[in-house]
Amino acid sequence: QQQVKQSPQSLIVQKGGISIINCAYENTAFDYFPWYQQFPGKGPALLIAIRPDVSEKKEGRFTISFNKSAKQFSLHIMDSQPGDSATYFCAASIHSSASKIIFGSGTRLSIRP
Amino acid sequence: KAGVTQTPRYLIKTRGQQVTLSCSPISGHRSVSWYQQTPGQGLQFLFEYFSETQRNKGNFPGRFSGRQFSNSRSEMNVSTLELGDSALYLCASAPESSYNEQFFGPGTRLTVL
């Protein structure tokens with residue numbers, strides 16, 4: 001019940017296209033859903049996050065869509081660029097144990113020039 | 001502000017040895033968390049320290065321990081190393097205003113031979 005399931009495992013998108021990564025969770029106590037971006041040799045970096053009281057959050061080219069009833073959320077990267085090539089992790093946590101983040105398995109995104 | 005720093009960046013040990021990893025959080029951050037990242041298990045939460053006290057703990061054996069000092073710097077210790085402990089160990093710090101927002105260091109790559 002603590003798992004966060006992420007798909008796809010890898011994704012290839014043409015430059016300028018839309019990259020979509022999906023995640024699903026079981027534990028309804030989760031109340032914070034961040035996305036992290038990780039480049040080789042670096043630690044994960046917080047990209048964007050959402051709380052379950054909103055259905056969508058947009059920051060620049062990155063948008064999180066959240067479906068509370070389906071217990072699913074997704075990351076959309078618009079106008080994908082080669083510099084977006086990285087591994088993306090969705091995650092979830094509970095406010096009372098905020099630091100205990102449960103991560104998805106990751107999606108390796110490659111943007112073709 | 002300087003980011004989270006971890007030392008050493010790379011470490012090679014043999015089975016049965018013990019190892020200590022160090023983490024310096026972002027200035028002003030009192031929460032420090034540790035994560036293990038492996039290709040097979042992904043990113044897994046180890047534990048979190050706040051004001052020198054362990055506040056949250058993941059599902060790892062007692063061979064994994066940590067501590068935090070009064071200046072918020074943290075160390076993680078793994079005793080009786082096993083081959084399966086080979087991983088990237090990530091430290092993250094968070095501000096008091098938002099424990100959810102974890103800022104990760106570059107990690108320590110531990111190889112157990």
Side-chain angles (χ1 to χ4, degrees), chain A residues 1-10 21 23-25 27 29-54 57 59 62 64 66 73 86-108, chain B residues 3-7 9-10 21 23-26 29-51 53-60 66 68 72 74 87-109:
Chain A
Q1 201 186 19
Q2 285 292 317
Q3 277 187 321
V4 177
K5 295 183 179 179
Q6 183 172 347
S7 63
Q9 202 170 24
S10 61
I21 304 170
C23 285
Y25 64 98
N27 189 347
F30 287 141
D31 57 6
Y32 181 75
F33 301 88
W35 284 87
Y36 283 84
Q37 179 189 56
Q38 186 176 27
F39 293 104
K42 305 282 187 182
L46 179 63
L47 192 62
I48 185 173
I50 197 168
R51 297 192 185 277
D53 52 346
V54 296
K57 184 174 181 180
E59 287 184 5
F62 300 91
I64 300 179
F66 187 83
F73 58 111
T87 299
Y88 292 81
F89 294 93
C90 63
S93 65
I94 302 169
H95 181 72
S96 59
S97 301
S99 62
K100 188 174 180 178
I101 301 174
I102 308 300
F103 285 90
S105 54
T107 296
R108 184 170 291 182
Chain B
V4 176
T5 58
Q6 293 186 244
T7 57
R9 291 293 311 279
Y10 302 91
L21 312 181
C23 170
S24 292
I26 292 172
H29 289 188
R30 292 200 289 162
S31 167
V32 175
S33 299
W34 289 88
Y35 294 81
Q36 181 195 65
Q37 186 174 25
T38 59
Q41 299 298 316
L43 273 156
Q44 294 186 89
F45 173 78
L46 279 154
F47 32 66
E48 182 223 359
Y49 285 85
F50 180 83
S51 291
T53 302
Q54 189 180 86
R55 189 160 67 170
N56 281 304
K57 190 177 187 305
N59 298 323
F60 278 81
Q68 187 180 34
S72 294
S74 177
L88 181 67
Y89 289 90
L90 293 158
C91 168
S93 70
E96 211 162 335
S97 57
S98 180
Y99 296 125
N100 291 301
E101 295 186 26
Q102 302 278 298
F103 293 84
F104 284 83
T108 294
R109 172 73 63 185

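Just so it is clear: chains get the letters A, B, ... in the order the sequence lines come, proteins before strands, and each one is counted from 1.
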Okay, B:Leu46 and chain A: the region with an atom under 4.5 Å from a heavy atom over there is neither
Query raised in the report: B:Gln102 versus A:Tyr36: any side-chain heavy-atom pair under 4.5 Å?
Result: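 The answer is yes, as the side chains (C-beta and beyond) meet within the 4.5 Å cut-off.
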### Message
Does any part of the side chain of B:Tyr35, heavy atoms only, come nearer than 4.5 Å to the side chain of A:Ile101, both counted from C-beta?
### Response
yes
### Task
Sort out for me which of B:Gln6, B:Arg9, B:Gln37 touches chain A most, counting heavy-atom pairs under 4.5 Å.
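If we count pairs closer than 4.5 Å to chain A, B:Gln37 comes out on top.
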Next item on the list: Measure the CG-CZ distance between A:Leu46 and B:Phe103 for me, rounded to the nearest 0.5 Å.
Entry: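 These two atoms lie 7.0 Å from each other.
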CD of B:Gln41 to CZ of A:Phe103, rounded to nearest 0.5 Å, is 15.0 Å
Check whether more than 12 heavy atoms from other residues, nucleotides or ligands sit under 6.0 Å from atom [atom1] of [X], and answer yes or no.
X: B:Lys57; atom1: NZ; answer: yes
X: B:Asn59; atom1: CG; answer: no
X: A:Glu59; atom1: CD; answer: yes

Shortest non-hydrogen contact between A:Gly43 and B:Leu90, atoms and distance: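 Closest pair (atom of A:Gly43, atom of B:Leu90, distance): CA-CD2, 3.8 Å.
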Quick check on A:Pro34 against chain B: is it the side chain, the backbone, both or neither that has a heavy atom closer than 4.5 Å?
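Neither part, no heavy atoms under 4.5 Å.
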